[in-house]
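Notes follow the structure.
Counting convention: from 1, in listed order, for ligands and their atoms alike.
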Amino acid sequence: MIKFSNDFIWGTATSAYQIEGGHNADGKGPSIWDSYCTIPNRIKNNENGNVAIDHYNRYKEDVALLKSQGFKAYRFSISWSRIMPEGKGKINEEGILFYSNLIDELLKNDITPWVTLYHWDLPLALEMENDGWLNPDIADYFEAFAKVCFERFGDRVKNWITLNEPWVAAILGYGQGVFAPGRTSNSEPYLAAHHLILAHAKAVKQYRTNFNNQKGTIGITNNCDWREPLTDKLCDIDAAERALLFFIGWFADPVYFGDYPQVMKDRLGERLPKFTEEEKELIKDSSDFFGLNHYTTMYAAEDDHSGITGSVYGNGGISEDQDVILSQDESWPLTSFNWAVVPWGCYKLLDWISKRYNNPDIIITENGFACDDKVENGEVNDLERLDYYKQYLEACNKAIADGINLKGYFAWSLFDNFEWASGYSVRFGINYIDYKTLKRIPKASALWFKQIIKNNGW
Ligand code: GAL
């Protein structure tokens with residue numbers, strides 16, 4: 001019997017660019033994703049988020065769906081360039097109105113908003129005129145944007161997430177170049193990440209200093225897969241630990257301890273920027289909870305330089321810097337995204353985080369499963385996805401029973417949506433989208449969630 005506590009936070013998540021559409025509606029400025037999608041062959045089938053699933057116009061219908069499916073919390077992100085079309089300066093009141101209405105609609109339906117301030121859609125003007133995340137000034141621009149959000153929405157929003165997955169923004173955006181802004185470099189990811197961390201910390205300080213009376217919580221969401229040592233050889237055990245430090249330690253160590261992991265400093269030398277003493281103070285303890293996006297697990301082994309190298313994509317960092325080779329076990333089932341289903345990896349990661357960061361409150365802000373859903377007789381029987389959720393939630397439940405402070409869980413995603421470089425070809429939703437009519441069709445997993453949320457377990 002699986003039972004969660006009555007105050008466990010049950011939610012589902014989305015992000016602005018992936019669902020909203022309305023890419024130039026009502027004064028919104030372009031973001032780096034709007035522009036990246038116009039470069040031929042960067043996105044599967046050259047698709048884009050111009051219309052996406054038209055949440056911008058259908059948000060009321062979508063909140064009604066959330067409500068009917070029993071969710072108590074909803075995580076969405078704010079498009080920076082909808083609020084500030086040029087990234088700084090002028091505020092677009094119509095953009096404010098959209099989010100204000102969405103928040104009111106959620107509250108009216110007893111759904112708690114969890115708001116992400118940055119889910120990768122940087123205002124294009126900041127990229128073109130200011131070098132985006134490579135420029136240290138970005139931290140101040142982000143802080144100013146965050147301040148507008150606290151001022152305008154903070155009376156009603158009590159749960160803030162500064163950044164979603166800075167690892168992805170840095171590695172895929174500046175290392176491998178497969179996400180906007182599409183740059184490739186072996187040093188820029190470390191610089192971009194440095195500024196992402198400072199931007200997060202400045203926004204948190206702004207919130208804690210000037211919006212204390214709003215009595216909310218604020219944190220950061222990082223992503224991490226579990227890394228299991230391929231063998232019990234000491235060098236592979238070390239490689240797995242190192243891979244975790246290059247992956248989540250890169251961002252969580254500064255947030256909890258004020259500085260990067262020693263192993264990163266040792267291996268990266270000058271390529272890893274340094275925090276000043278003042279910055280260390282600013283960053284340390286800058287998250288009220290540990291936001292975690294977790295999907296999968298890989299084996300990690302020491303790279304003996306025999307010729308096979310790990311790929312950069314999905315590798316937890318730049319492979320040469322880590323000397324880690326990643327692999328999957330043939331017995332692990334794969335999603336259509338080729339991510340392996342390994343629920344015990346979720347347990348082990350929660351345990352690792354708890355031990356390293358002194359048992360923080362953890363919120364899983366994303367976890368989910370991609371498969372090739374089909375509509376049959378008006379229904380989508382996504383039993384594999386449902387099974388994935390069941391197994392991962394069992395792992396979460398075991399973690400809680402063992403004393404880990406896991407406080408909430410958000411399924412990724414409320415809907416099928418624009419899956420970045422994969423376009424609309426990959427489906428992660430618990431609600432199916434018919435992309436011709438944009439009709440929302442609940443999948444079996446959504447109906448299952450309704451039951452378990454009602455009973456806090458099954
Ligand atoms: C996360 C990301 C989401 C979603 C998901 C599935 O990395 O935050 O936006 O795309 O992965 O790939």
What are the polar N/O contacts of ligand 1 with the protein below 3.5 Å, with distances?
residue	atom	partner	partner atom	Å
ligand 1	7 (O)	Glu165	OE1	2.5
ligand 1	7 (O)	Glu165	OE2	2.9
ligand 1	8 (O)	His119	NE2	3.2
ligand 1	8 (O)	Asn164	ND2	3.0
ligand 1	8 (O)	Glu165	OE2	3.3
ligand 1	8 (O)	Glu366	OE1	3.2
ligand 1	8 (O)	Glu366	OE2	2.9
ligand 1	9 (O)	Gln18	OE1	2.8
ligand 1	9 (O)	His119	NE2	2.9
ligand 1	9 (O)	Trp420	NE1	3.0
ligand 1	10 (O)	Gln18	NE2	3.3
ligand 1	10 (O)	Glu419	OE1	2.9
ligand 1	10 (O)	Glu419	OE2	3.2
ligand 1	10 (O)	Trp420	NE1	3.0
ligand 1	12 (O)	Glu419	OE1	3.4
ligand 1	12 (O)	Glu419	OE2	2.7

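A side-chain donor-acceptor contact under 3.5 Å links Tyr260 and His194. Counting only N and O atoms by type, the side chains of Asn367 and Tyr389 include no donor and acceptor under 3.5 Å apart.
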Less than 3.5 Å apart, which donor and acceptor atoms pair up between the side chains of residues 444-453 and the rest of the protein, not counting sequence neighbours?
residue	atom	partner	partner atom	Å
Ser445	OG	Asp382	OD2	2.5
Lys450	NZ	Ser68	O	3.0

Indicate every side-chain donor-acceptor pair of residues 69-76 with a distance under 3.5 Å to a residue at least two apart or in another chain.
residue	atom	partner	partner atom	Å
Gln69	OE1	Asn431	ND2	3.0
Gln69	NE2	Asn431	OD1	2.9
Tyr74	OH	Thr14	OG1	2.7
Arg75	NE	Thr116	OG1	3.1
Arg75	NH1	Thr365	O	3.1
Arg75	NH1	Glu366	OE2	3.1
Arg75	NH2	Thr116	OG1	3.3
Arg75	NH2	Asn164	OD1	2.8

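With sequence neighbours left out, Glu394 forms a side chain to side chain contact (heavy atoms under 4.5 Å, CB included) with Ile2, Lys390, Trp458.
A cation-pi geometry, defined here as NZ or CZ lying under 6.0 Å from the six-membered ring centre and within 45° of its normal, holds between Arg82 and Phe98.
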